[in-house]
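Encoded as structure tokens, the structure appears first; notes follow it.
Numbers here simply count residues along the sequence, with the first being 1.
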Amino acid sequence: MNSRRRSRDDVAEMALRLLDEYGLPDLTMRHLATALGVQPSALYWHFPNKQALLAAVSELILAPMRETRTEGLSVHEAVRLVGARLRECLLAYRDGSELVSSSLALGLVSSPVRAQLLEVTRRHEVPDALAEVAAEAVMHFVVGATFHEQQRLAADQLGLLAEPVASGPDGARAGSGADGGDFAEALTMIAHGLEVSIAQHRSRQP
């Protein structure tokens, strides 16, 4: 099939399918080209290099974050909501956290939680400096924790863990709720920390 008939979105969406089916190590340009029925060189019509392609895949993984509604939420509630929703996005695809982490580290995608948290904190007249720190803390915690979670689930599937990871029939997807376990408690601690910082800031104001 002629490569020009494949849009940029077609390429990124196929890459996401291959990521979920085979994992990040096997997401190669050659594998992707074969799946699309084109020559590997044809992919470079749309992406100058593999990192640009992976960034586009990261954007697809994070796309549901734009639909997260924060109207009427307190700062505390917003931290918990956006953190939980980010975890759900990353767990939705095999190796999702590893891929997104790489794109974030290289500055190829923007913070998936910053916009929502700033929207809420500005409504509550929280200084942007405090909100920025909180957004970074939430992002790094969620991406790191989810990366470890997916690594353990992958190791468990290979029988490499002494004690099996508790999960439902869908593996990583089964544990993506926002209300249980250490993950939710850690998000609560981050939210409490932000509230304390806000209170201290306001106490210093004339």
Note, [X] side chain near [Y] side chain (heavy atom, < 4.5 Å):
| X | Y | value |
| --- | --- | --- |
| Leu32 | Leu53 | yes |
| Trp45 | Arg8 | no |
| Leu187 | Phe141 | yes |
| Leu108 | Ser102 | no |

Charged N to carboxylate O under 4.0 angstrom, Glu77 versus Arg80?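 A salt bridge is absent here (no side-chain N lies under 4.0 Å from a carboxylate O).
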
Should we count [atom1] of [X] as having more than 12 external heavy atoms under 6.0 Å?
| X | atom1 | answer |
| --- | --- | --- |
| Glu125 | CD | no |
| Arg123 | CZ | yes |
| His148 | NE2 | no |

ring-ring contact (aromatic ring centres under 6.0 Å, His included) involving His31 - partner list, sequence neighbours excluded: Tyr22

Verify whether one side chain among Gln150 and Ser97 offers a donor that lies under 3.5 Å from an acceptor in the other.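 Distance-only check passes for Gln150 and Ser97.
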
Strictly by modelled atom types, are His192 and Glu195 linked by a side-chain donor-acceptor pair under 3.5 Å? yes

Which atoms form the tightest heavy-atom contact between [X] and [Y], and what is the distance?
| X | Y | answer |
| --- | --- | --- |
| Leu117 | Ala135 | CD1-CA, 3.7 Å |
| Pro112 | Leu86 | CG-CD1, 3.8 Å |
| Glu21 | Arg94 | O-NH1, 2.9 Å |
| Ala55 | Ser103 | CA-OG, 3.6 Å |
| Val100 | Ser58 | CA-OG, 3.7 Å |
| Ala78 | Leu73 | CA-CD1, 4.1 Å |

CG/Leu54 to CG/Leu24 distance, rounded to the nearest 0.5 angstrom? 6.5 Å

Who are the side-chain hydrogen bond (donor to acceptor under 3.5 Å, both in side chains) partners of Glu132, not counting sequence neighbours?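 Partners of Glu132 by the side-chain hydrogen bond (donor to acceptor under 3.5 Å, both in side chains) criterion, ordered by chain and then number, come out as Arg114.
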
Check for a donor-acceptor pair, side chain of Asp10 on one end and backbone N or O of Ser7 on the other, with a separation under 3.5 Å. yes

In terms of hydrophobic clusters joined by side-chain contacts under 4.5 Å, are Ile198 and Leu81 together?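 No, because Ile198 and Leu81 fall into different hydrophobic clusters, even though each may have its own neighbours under 4.5 Å.
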
